[in-house]
Amino acid sequence: MNIFRLAGDMTHLASVLVLLLKIHTIKSCAGVSLKTQELYAIVFATRYLDIFTSFYSIYNTLMKLVFLGSSFSIVLYMKYHKTVHRSYDREQDTFRHWFLVLPCLLLALLIHEKFTFLEVLWTFSLYLEAVAILPQLVLLQRTRNIDNLTGQYVFLLGGYRGLYILNWIYRYFTEPHFVHWITWISGLVQTLLYADFFFYYSQSWKNNKKLQLPA
Amino acid sequence: EEDYFDHDEL
């Protein structure tokens, strides 16, 4: 564990907490894409199947359980909690997210490090995570009023990926066998998707204005 | 060659 990875995990955790705070205490999911949340639930469910087969550390297992639990509870909240569901921007959140799943699965079947069940699902989760933010970014662009919590959520999520890139660079130089092209490229693609958002987020922060993305 | 594969990351 290095400082970049820990900071990345903590940023990821913070993003989830911000979202849960919004949904649980304010009882609103305005501006939050259910499509993205459903994709994340699939990402974690397919990536963390190894909690049944391998043990790394208590930290690792706990974090996996937190990400699994939070992603599924966010989806359930948005779908079935009356008040939360009412605030959902259903008409705006129209990205055809299921069309992302099949190509990612096919790609994982074609390009992977080892052809085993867990390994292919792990790889699938990496590809799907790379594009899972797209419905959320599209929704942000359509939403005229982005509240602070939603902006912070996306900012923290992008920050987590950025920190993981620093972690991979660090590990590449400090651990002799650490070469994982699939993880790196999908992580890089994912981070690049946030570039535009980061630009407007920093602008709004600098000018102390409300975050608004151009249509 | 050791069967090195790293899944310790989240």
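Sequence lines set the chain letters: A, B, ... in the order given, protein chains first and strands last, and positions in each chain run from 1.
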*Could you tell me whether the side chain of A/Tyr164 and the main chain of B/Glu9 form a donor-acceptor pair under 3.5 Å?*
no

*Please name all residues satisfying side chain to side chain donor-acceptor pair (under 3.5 Å) with A/Thr123, sequence neighbours left out, ordered by chain then number.*
none

_Can you list everything that forms a side chain to side chain contact (heavy atoms under 4.5 Å, CB included) with A/Ser57? Sequence neighbours excluded, please._
A/Tyr59, A/Asn60

*With a cut-off of 6.0 Å (strictly less than), are more than 12 heavy atoms of other residues, nucleotides or ligands near CH2 of A/Trp98?*
yes

*Not counting sequence neighbours, which residues clear ring pair (Phe, Tyr, Trp, His ring centres under 6.0 Å) with A/His24? List them please.*
A/Tyr77

*Do any of residues 6-20 of chain A come closer than 4.5 Å to chain B, heavy atom to heavy atom, and if so which ones, in number order?*
A/Asp9

*asked:* Other residues, nucleotides and ligands only: do more than 12 of their heavy atoms fall within 6.0 Å of CZ on A/Phe198?
replied: yes

*More than 12 heavy atoms from other groups under 6.0 Å of CG on A/Leu110*: yes

*Measure the spacing between CZ of A/Arg47 and CG of B/Leu10 and express it to the nearest 0.5 Å.*
8.5 Å

*Near A/Phe117 CZ, under 6.0 Å, is it more than 12 heavy atoms from other residues, nucleotides or ligands?*
no

